Amino acid sequence: DTAVSQTPKYLVTQMGNDKSIKCEQNLGHDTMYWYKQDSKKFLKIMFSYNNKELIINETVPNRFSPKSPDKAHLNLHINSLELGDSAVYFCASSRDRGSGANVLTFGAGSRLTVL
Amino acid sequence: DAKTTQPTSMDCAEGRAANLPCNHSTISGNEYVYWYRQIHSQGPQYIIHGLKNNETNEMASLIITEDRKSSTLILPHATLRDTAVYYCIVRVGIRGSSNTGKLIFGQGTTLQVKP
């Protein structure tokens, strides 16, 4: 009955590879997000989708492509992985109403290590 | 968004109240104060939020000063499980805002609860 689930939890891969991280939420929320936490522990938003529509797209390289097949899923695909992509990636979701729209439920994170 | 300032770290004895301060002197009238925490190796967790009235839920209490320039998160009886980084975030809570859910995480306050 996990609210926001991400897979895989750990991912170790070589430079240049392409990988995906999947995210699913069962909260009935309208908006989903991807956040990145780097080695210095700073959390920063990458993307947000509202009802399958891209809303926020921060200055993220084109190698990162989010895909939302439906409003319960938001997957993150990364092409041509680089060393600097190593980080923990968090998926989150929220309602789309008033102050509650900033009440995010986060997943447990996916730790990506690029060698 | 208004900038927030928090102490880098704090200690608290187990069973005692933990009072975590946050300054947000440039807060606007329509900006809410949100508190999140991140326990080691977990995703961020929403705690509480408020606009101008004090708020209480099962996790914590939020006290916002009358001028709204600062607030205090209170964990009434801290346990070892409350050891985490606590983030104070100020955001506009408008339905459908293009930046809804774009939480700006600073360095937060590392709270160490000691036995």
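Because the structure is a prediction, the values reported are computed rather than measured. So you know, we letter chains A, B, ... as the sequences are listed, proteins then strands, and number each from 1.
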Determine, using the 4.5 Å side-chain heavy-atom cutoff (strictly less than), whether [X] and [Y] are members of one ILVMFWY cluster.
X: A:Met32; Y: A:Leu76; answer: yes
X: A:Val60; Y: A:Leu74; answer: yes
X: B:Val90; Y: B:Trp35; answer: yes
X: B:Ile48; Y: B:Val33; answer: yes
X: B:Val85; Y: B:Tyr36; answer: yes

Are side-chain heavy atoms of [X] and [Y] found at a separation under 4.5 Å?
X: B:Phe105; Y: A:Ile45; result: no
X: B:Leu103; Y: A:Asn102; result: yes
X: B:Pro44; Y: A:Leu43; result: yes
X: A:Val103; Y: B:Tyr34; result: yes

Out of curiosity, [X] [atom1] to [Y] [atom2], how far, rounded to the nearest 0.5 Å?
X: A:Phe106; Y: B:Tyr46; atom1: CZ; atom2: OH; answer: 13.0 Å
X: A:Phe47; Y: B:Lys102; atom1: CZ; atom2: NZ; answer: 13.0 Å
X: B:Gln38; Y: A:Gln37; atom1: CD; atom2: CD; answer: 4.0 Å

With a 4.5 angstrom heavy-atom cut-off, which part of A:Gln6 approaches chain B: side chain, backbone, both or neither?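 For A:Gln6, no heavy atom lies under 4.5 Å from chain B.
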Neighbour count above 12 (heavy atom, 6.0 Å) for B:Arg16 CZ: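 For B:Arg16, atom CZ is not crowded (no more than 12 foreign heavy atoms under 6.0 Å).
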In terms of heavy-atom contacts, does CD of B:Glu14 have more than 12 from other residues, nucleotides or ligands at under 6.0 Å?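 Yes, CD of B:Glu14 has more than 12 neighbouring heavy atoms, counting only those of other groups under 6.0 Å.
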At their closest point, which heavy atom of A:Lys41 faces which heavy atom of B:Tyr87, and how far apart are they?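 Scanning both residues, the minimum pair turns out to be O-OH, 4.1 Å.
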